Every structure is written in C-alpha cells, then in structure tokens.
Number of protein chains: 2
Amino acid sequence: MATIRDVAAAAGVSVSTASRVIAGNPATSPASRAQVTAAVKALDFRPNTQAQSLRSTRTNSLGLLVSDVRNPFFADLAHAAEQAGLDAGYVTLLGNANERVDQQDRYLNTLIQRRVDGILLTPHGDGSGAIADIVRRGIPTVFVDRTVDGVDVPTVTTDSNKGIQQAVQHLSSMGHTRIGFISGPQSTSTGRERWAAYTNALAMSSLAADVELVYFGDYQTASGAAGMQKLMNLQTPPTAVIAADSLMAMGAISCVHEMKLKIGRDVALIAFDDIEMFTLLDPSLTVVSNNVHEMGKLAVGLLIDVIGGRNPQSIVLPSELIIRSSTSSAEQAGSIITRGH
Amino acid sequence: MATIRDVAAAAGVSVSTASRVIAGNPATSPASRAQVTAAVKALDFRPNTQAQSLRSTRTNSLGLLVSDVRNPFFADLAHAAEQAGLDAGYVTLLGNANERVDQQDRYLNTLIQRRVDGILLTPHGDGSGAIADIVRRGIPTVFVDRTVDGVDVPTVTTDSNKGIQQAVQHLSSMGHTRIGFISGPQSTSTGRERWAAYTNALAMSSLAADVELVYFGDYQTASGAAGMQKLMNLQTPPTAVIAADSLMAMGAISCVHEMKLKIGRDVALIAFDDIEMFTLLDPSLTVVSNNVHEMGKLAVGLLIDVIGGRNPQSIVLPSELIIRSSTSSAEQAGSIITRGH
DNA sequence: CGATTCCATGGGAACGTTTCCACGGAACAC
DNA sequence: GTGTTCCGTGGAAACGTTCCCATGGAATCG
C-alpha cells in the first residue's frame, strides 16, 4: 500500500510538501500541488488514518452507543446521528448495549481505547463504572434520550410531560377513568419521568391513581406483553393503556391479540414513540410522538460543540399527542381527527 | 493520558517488558507480571489503539455497510453482525448507504482509509467504483444478502426460490390466479432473483404471466405504496400481491388502507422478510421468512475466515413460507394453519 | 541598493506502540 | 569444570503521518 513517502518521491517533492498538499494547506505552490495531486491519483494513495490520529490526536470518529438498534427508535436515532456525523466529517462507531450495564461498560472501554473524539450515549445505570471513567477522563460526551443523575454532561432529551398529559386528557375526555400504564424501568430517567408525568396527569384530570394500574417493564417487547396481561387480568381491568415505549406497545398489542380482544374496541392504547409501522396497524395507533431524527441531529451538534471546547446548553424537545384510531371504539373511528404518516 | 512508558516506569521495568505483559506474552516473569499489572491498574492505562494498529497493521475493526439501518431487516443484520464481531474481538463501524451508490462508495473509501481488517457489505450497483477498489486492494470482504456479478468474494445469501415458489403455490391453492408482484430494483441481485423466482413459480403453477402485474420498486416504503396503487388501479387488479421486501410491503399496506380496503379480504398480501411487527398486524402477515440473525453471524464467520487467509465457501440459506392470516379472506381465517411469532 | 518581510520548501522529531535483536545469567548435560 | 541451551530482559528501530523549525530565494520597502 502506497505511503506518503511514495507519493512524495513520485511527485519529486519532500514528504512535508506532499503532506501539505494533501491536507489542503495553502502554503504550497501550484506546481507542487499539481504534481502531488497527480501522484496521489496515480498511486491511489489513501492516508493511513491510524498514523494521522496518532500524530494529530484526532480520530475523526464518534462513538454511538445505543441500547439496541433493533428498536426502531434507536435505529432512527442511529441513522440520524450517523448522517449528521458524516456531514461533519466524522465516522460513527456503533455499539449495542442490549439494555445491559456490563455490555455498555465493555463498549465504552473500547471507545476509550479507540480514542474516539466524542461519545453519544443513551446511558444505562447509575453513572458509575465506565460512565465515570469517560467523565473523569474528560472525553466529550453527550447523553441522548436519557440522563443520569449527578453526571453533568449536555443532554438532548424529550419532555414527556406535555405529551403524556395530552394523552391522559384525551383518554379522559373519551370517558376513560381507569387508565393503565406500562412503565419503563425506574433505573432510567425516561422511565422515572414518564411515570411521574402519568401520575401528575391523572391528578390534573381528577382521576384516581391506582397502583394496580401500573406495571414496570424494561422497554423490551416481552415485558409489554406481560404488563398488558397483568393489567387485563385485574378484577377491574383498565379501559385504556399507555405504554412508555414502542417495543412494549408492540408486546401489549400481541398480548391483546392473543386474548382475542381488539385494540380500540376492547381497550384503548397509546404508545410513547412514533414509528412508521404504528400507522399501518388496524386500528392505527394513537401515539405520543417525539422527533427522533431531530434528536440525533441536535445531539451530534452538541457533541461537536463539546469537542470544540464549547459548553453547550442541554436541549429538551417537546412531545406531542398524535390522535389516530386506537383510542376510539370501532364505531367512533370515523368521527375522530386522524393524522396519517 | 498514561502511556506504556509511564506504566513501565511505574513498574520499574522496560517498555518491552511492559508491552509483553500487557499483550499476554508468556515470556515474562511472575514478578514483572505482577508489577506491570499493578501499574496498569494504578494509572488506569488503556493502550492506544492507533499506535497498536500502526505498528501491527491490524485494527481489530470490521466495516459494516448496509443500505439503511431503519430497515428492520438491516437492523437485525447489523445487530447480529455486531454481536458476532464483538465476540471475536472486533469492533464494528456501521455505515448507511441509503440505497445509493455514491454514498456506498464514499463510505467504502472511509473504510479503506481506516484500514479495517474486513468489510461486510450489502452491495449496490455493478461492482465498479469503490467495490472494485477494495477487491483490487485485496481487502477481505464478504457480501451479505446480495451479490454482484463478476465480483468473486464469498457471500451469504438467501435462496428466495423455494419460499417464493411456496408462496405462489399457496396463493394458487387458495384460488388466486392473478398474483401481483412488487419487485425490488433490478440493479440488485435479490431484485433480479426474486422476480425470476416469481416468474418461474407462476409457470410451475400454470398461471399466466402478465407484465402488468409486476411493478419495479426500490425496496423503500414509498415505492411499495406506489406499486400497490398501480396494481389496484389496473382494469383487472390482482387478488393477491407479493412484495419483495418488508419496507415495500409496509408501503403496500398503507396504500390499501388509504383506499379503504382491507388486506386479506380485498387483496391477499405476502411479504418477503419476516419482521416481528408483521405478526401484530391485523390480519397478521403471511411472509417468506429468511433467517437474518443467522445470516449476520455466518457472514462474520466467513469474513474472519477470509481475514485469516482462508478461502471459505459461499453460503446460501433457505427461505420458507410462513402462513398467517393475510392470505385468507376474513371468513376463512379460522381454518388456516397459523404460526405466530 | 541594502534591509526586511514573505513564502514555499525540506529536514527531522514526535505520536505510542510492537517486535527484532542482543545480552547476561541460570540451568543443564557431559 | 566447560560448553550449550534456555529464558527473561532492555535497547532501539519501525509503523505513516503531522508539524515545528530552519533555510534560501523572491518580493517589498525605505
């Protein structure tokens, strides 16, 4: 494989000059520019990134560690972040933590070793372990979607309050008084925040809070199914359920199907996170939507700020209720304002 | 940040000895092993991967370039490949080509520069451009899902023939004679193969092939909707449709919904690619299933073989029809053998 | 016309590892 | 006792860049 030495030799200039031309340094004559450019093309020279990074201490790479790319929410996030990073000249290392702290730590360690310029993370756990390491080392980091108490890094999150409040209000206005909640794990900030938002919203709509109506899942499909089953088997089951993420909503739906019941007719359902497929369901799903794409883009922006030594403000994006058909009985479906995808 | 020099100094040994201990080289005394290990821990030393790679010419990284992680098929593939890679000590660089040759080439160039040890690729285009570059440079490469004519690298693909044949047979046995096909782009091997399989299967079931019944999409959601619309607006629309991938199937479904028609009752639908959500639709979708997880795992295995200098055989995985409810009218639904998720 | 500035250039050190080579001492065989 | 082998160790070169510094010639200024 050709090195910059070969290029310099072929162009009849020194290594320094070759390096300057390749780096776009203006302190070069048109003549050497032309010769080096020609040599680069002729030898099909590609600078060795390892050597560049070793010398310049920049790797032009970002680490993106999400819980699971198979979750459409994170897939969207990964896509948005990767594209935004690419536009800024960064390549993205993707890791899946599989909602497990040990895998997260393992991956963060790899990212430290690789000397990535910055890390984008949907954090899990309490900020000890590898998260403490990256903070201590001062590696530029931005948290996305979730935060960690006591860890002071910029974040991009969604304010679930408004959306969930709208959701409860909407259900209440449709006559629902027993509204179940399939919550995320309380070890995540989103799990805690959404549960609190739900509790608040109940109070604001003057609905009684019944602990029986809350199930604590883990943001994975299976726990959504388990939660729905538990709720529907109550002596007085809820007439409406809110699921705190898309995967648990999917699990809830499959559970309802297995019970030979129908969403919208037998039980209303609202999911947090909007994903394309929810519009295809019959009935299409009412959701609390958050702008994942924007989130990814903004997060990369913040991270680049941090890398640049600036101290950006955290960003909180709004959430919003999108009413579709899953929150009305079949008979009413026609009369509801719907918004497709 | 601590370097191996600092470690050696702290341990009271030479850099060479420190390096040996850290690398697990057996030519070390228990005494120096203990001291170096202690020093590593005390200084929280992490070897600089750039320097290691520069010297050893191995980066322990794989490049994975898929069309779009937001496509559940590729998300599954990415997850499987990433986990398999991690188990073998590799970290994965993920790229999205967005089904575009120029983005694919751009990313492949990045991977060349990064000196990844191997590349996993769902190739797009005709094997010119950057694909030719990586082959010429002898960079270990494995194609997944798709192949490229005339490019001789190991591949892991799915044999669509059996599945599509079963699909047509199944539809034919249900009395369908006009079966539409929303095809993938003919610039991809899977696009060509699945179309051919469909045509063959029609002949085997003694059904007439009508060019009107085939629409050529691009594996994206929008083209599935467009295809379905075109098919349903024919003078004699098909009574059943096969979509060549999950995204186009999703588009087709949304189109059917918009026409106020119902899958299964007004038109039967079979999708290629099984994704979890298809089991949640009402009616649940009959699919031709391929084992994505296995595909990713095997592909990484092949790639590691190639990296190791071996010359592994390409692998072809089978596809299989999974009958659910979307291929029966509502009335018949009860009598069909179904298989959940 | 001499002094100063500017600019393109080349030499060479440095980044943090790995790895080749040489060395010295202990253990062993005769 | 000498000669051979073996093993742990340290020194130093190398990987492919970037970038600081010095150099010399052209251009500019008074």
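Computed from a prediction, not measured in an experiment: that's the story for all the values here. These values consider heavy atoms only, across backbone and side chains, with no hydrogens, waters or symmetry-generated copies. Proteins come first, then strands; the chains are lettered A, B, ... in the order of their sequence lines, and each starts at number 1.
Per the geometry, CD belonging to B:Q52 stands 13 Å off C1' belonging to C:dT19, to the nearest Å. Taking atom CD1 of residue A:I4 and atom P of nucleotide C:dT9, one finds them 14 Å apart after rounding to whole Å. Atom CZ in A:R46 sits roughly 13 Å away from atom P in D:dT17 (whole-Å rounding). To the nearest angstrom, P of C:dC15 lies 22 Å from CZ of A:R114. For B:R20 and C:dG16, the CZ to C1' distance is 17 Å, given to the nearest whole Å. One can place CG of B:L54 at 10 Å from C1' of C:dT18, the figure rounded to the nearest angstrom. Spacing between atom CZ of A:R58 and atom P of D:dC19 amounts to 10 Å, rounded to whole angstrom units. Here the P atom of nucleotide D:dG16 and the CE atom of A:M1 are 10 Å apart, to the nearest Å.
In terms of heavy-atom proximity, A:I307 sits nearest to A:P140 at CG1-CB, 3.8 Å. Closest heavy-atom contact between B:A299 and B:V156: CA-CG2, 3.7 Å. What you find for A:Q113 and B:T49 is that their closest heavy atoms are O-OG1, 2.5 Å.
Checked options B:I315, B:L120, B:T141; the residue passing with B:L302 is B:I315 (criterion: side-chain contact (heavy atoms from CB on, under 4.5 Å)). A side-chain contact (heavy atoms from CB on, under 4.5 Å) with B:F73 is found for one member of B:D245, B:V66, B:D145, B:D68 and no other, namely B:D145.
Scanning residues 23-36 of chain A for heavy-atom distances under 4.0 Å to DNA chain D yields an empty list.
Judged by atom type and distance alone, A:R55 does not reach the base of D:dT17 through any side-chain donor-acceptor pair under 3.5 Å. Side chain B:S16 to base D:dG11: a donor-acceptor pair is found below 3.5 Å. At a cut-off of 3.5 angstrom, the base of C:dG16 holds no donor-acceptor pair with the side chain of A:R115.
Listed pair A:S14 / C:dG10 meets the phosphate criterion, a side-chain N or O lying under 4.0 Å from OP1 or OP2. Phosphate proximity of C:dT18 to B:S19: present, with a side-chain N or O under 4.0 Å from OP1 or OP2.
Every side-chain contact (heavy atoms from CB on, under 4.5 Å) that A:T147 has, sequence neighbours left out, goes to A:T155, A:T157, A:S189.
Nearest-nucleotide positions on DNA chain D for A:Q50 and B:T17 put B:T17 closer to the 5' end.
Atoms CD1 and CG, on B:I139 and B:L111 in that order, are 8.5 Å from each other to the nearest 0.5 Å. In this structure, A:I134 CD1 and A:L108 CG are separated by 5.0 Å, a value rounded to the nearest 0.5 Å.
Counting heavy atoms of neighbouring residues, nucleotides and ligands inside a 6.0 Å radius, atom CZ of B:R5 does not exceed 12 of them. By the neighbour-count criterion of 12 heavy atoms within 6.0 Å, atom CD of A:Q313 is sparsely surrounded, having that number or fewer from other residues, nucleotides or ligands.
B:V15 comes within contact range of at least one nucleobase, with a heavy-atom separation under 4.0 Å.
Rounded to 10°, the helix from C:dC1-D:dG30 to C:dC30-D:dG1 has 40° between the axis fitted to its first five pairs and the one fitted to its last five.
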